[in-house]
*Asks:* 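The structure that follows is given in the form of structure tokens.
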Amino acid sequence: MGGIMTLLGIDLSMQSPALCLFEGDNFCFDKCQFYFLTSKEKYLYVHPKLHGELFPDYYEQPERFNNIGTWIVDVCKSKNVDKVFVEDYSYGSVGRIFNIAENGGVCKYLMWKNNIKYETIPPTVIKKFAT
């Protein structure tokens, strides 16, 4: 990487999105912090590496997508993130494909609007790196 970088990986779930924040020069799991949204208060326990927040109320899907994207942008700004990595869409996905795509589109738009650099990574590459 070359020098201290602050990087953010996004698991862009619609139910419980999560972020992995790394700051350093050589990747190491011990240097990661994790952020997530949840609808269950029991998951908001105190832990030095886990930072949970309650999922904001929403009344329509666009509001839900905006809430997720705004939360991600807020974390990026508060931690001075240099670059964000987002898992790209899977071509074999089934289910609520359009909602997933709209959620991803709103998130990417909000990052673009806030000058946050991001890169999409194919799902197969992420799986190989993570395992």
*Asks:* Can you name the nearest heavy-atom pair linking Cys76 to Leu8, along with the distance?
*Replies:* SG-CD2, 3.6 Å
*Asks:* Applying side-chain contact (heavy atoms from CB on, under 4.5 Å), run through Asp25 and Met5 and close with a yes or a no.
*Replies:* CA-CA 6 Å; Asp25 52 2; Met5 296 281 295; over 6 Å; no
*Asks:* Mark yes or no for whether Thr70, through its side chain, and Asn67, through its backbone, hold a donor-acceptor pair below 3.5 Å.
*Replies:*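 Not at all, since once roles are kept as given, no pair shorter than 3.5 Å links the two residues.
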*Asks:* For Phe34, run the ring-ring contact (aromatic ring centres under 6.0 Å, His included) check against Tyr43, Phe29, Phe22 and tell me which one passes.
*Replies:* Phe29
*Asks:* Between NZ of Lys113 and CE of Met111, what distance do you get to the nearest 0.5 Å?
*Replies:*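 Interatomic distance, Lys113 NZ to Met111 CE, rounded to 0.5 Å: 15.0 Å.
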*Asks:* What are the two closest non-hydrogen atoms of Met14 and Arg64, and how far apart are they?
*Replies:* O-NH2, 3.0 Å
*Asks:* Mind jotting down which residue pairs meet the ring-ring contact (aromatic ring centres under 6.0 Å, His included) criterion with at least one end in residues 100-119? Sequence neighbours excluded, please.
*Replies:*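 As it turns out, the ring-ring contact (aromatic ring centres under 6.0 Å, His included) pairs with a partner in residues 100-119, which skip direct neighbours, are Tyr109-Trp112.
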*Asks:* Going hydrophobic residue to hydrophobic residue with side-chain gaps under 4.5 angstrom, can you get from Leu110 over to Ile72?
*Replies:* yes
*Asks:* Is there a continuous path of hydrophobic side-chain contacts, each under 4.5 Å between heavy atoms, that joins Leu19 to Leu50?
*Replies:* no
*Asks:* Just verifying a value: how many Å separate Glu60 CD and Phe65 CZ, rounded to the nearest 0.5 Å?
*Replies:* 11.0 Å
*Asks:* Check for a donor-acceptor pair, side chain of Asp82 on one end and backbone N or O of Thr6 on the other, with a separation under 3.5 Å.
*Replies:* yes
*Asks:* Say whether, by atom type as modelled, one donor and one acceptor occur between the side chain of Lys40 and the main chain of Leu54 under 3.5 angstrom.
*Replies:*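 No; zero donor-acceptor contacts below 3.5 Å.
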*Asks:* Is a side-chain N or O of Ser16 found less than 3.5 angstrom from the main chain of Leu37, in a donor-acceptor match?
*Replies:*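 Flag set: sc Ser16 to bb Leu37 pair under 3.5 Å.
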*Asks:* With rounding to the nearest 0.5 Å, note down the distance linking CG in Asp74 to CD in Glu53.
*Replies:*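 Asp74 CG to Glu53 CD: 8.5 Å, rounded to 0.5 Å.
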*Asks:* What closest approach, in Å, do Val75 and Val81 show between heavy atoms, and which atom pair accounts for it?
*Replies:*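 What the structure gives for the nearest pair is O-CG2, 4.5 Å.
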*Asks:* Could you state the interatomic distance from OG (Ser13) to CG (Asn103), rounded to the nearest 0.5 Å?
*Replies:*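 One gets 8.5 Å once the value is rounded to the nearest 0.5 Å.
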*Asks:* Nearest 0.5 Å, please: how far is CG in Asn66 from OH in Tyr58?
*Replies:* 13.5 Å
*Asks:* Go through it in stages, so that I can follow the logic: the residues are Thr120 and Lys108, the test is side-chain contact (heavy atoms from CB on, under 4.5 Å), and I'd like the CA-CA distance, side-chain angles, deciding distance and then a yes or no.
*Replies:* CA-CA 10 Å; Thr120 56; Lys108 291 171 189 171; 3.7 Å; yes
*Asks:* Tyr35 versus Lys79: any side-chain heavy-atom pair under 4.5 Å?
*Replies:* yes
*Asks:* So, taking the atom named CD1 in Ile121 and the one named CD1 in Ile10, what distance separates them when rounded to the nearest 0.5 Å?
*Replies:* 11.5 Å
*Asks:* A side-chain contact here means heavy atoms from C-beta on lying under 4.5 Å apart; do Phe55 and Pro17 qualify?
*Replies:*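 Counting from C-beta outward, Phe55 and Pro17 do come under 4.5 Å.
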*Asks:* Applying a strict under-4.5 Å side-chain criterion to I, L, V, M, F, W and Y, I'd like to know whether Val84 and Phe36 cluster together.
*Replies:*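 Different clusters: Val84 never reaches Phe36 through Ile, Leu, Val, Met, Phe, Trp or Tyr contacts under 4.5 Å.
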*Asks:* Below 4.0 angstrom, N of the basic side chain to O of the carboxylate: do Glu23 and Lys31 qualify?
*Replies:* no
*Asks:* A quick test of your reading: do over 12 heavy atoms of other residues, nucleotides or ligands sit less than 6.0 Å from NZ of Lys49?
*Replies:*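 Check passes, neighbour count above 12.
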*Asks:* Can you name the closest pair of heavy atoms from Leu12 and Gly104 and give their distance?
*Replies:*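 Looking at all heavy atoms of both residues, the shortest contact is CD2-CA, 3.5 Å.
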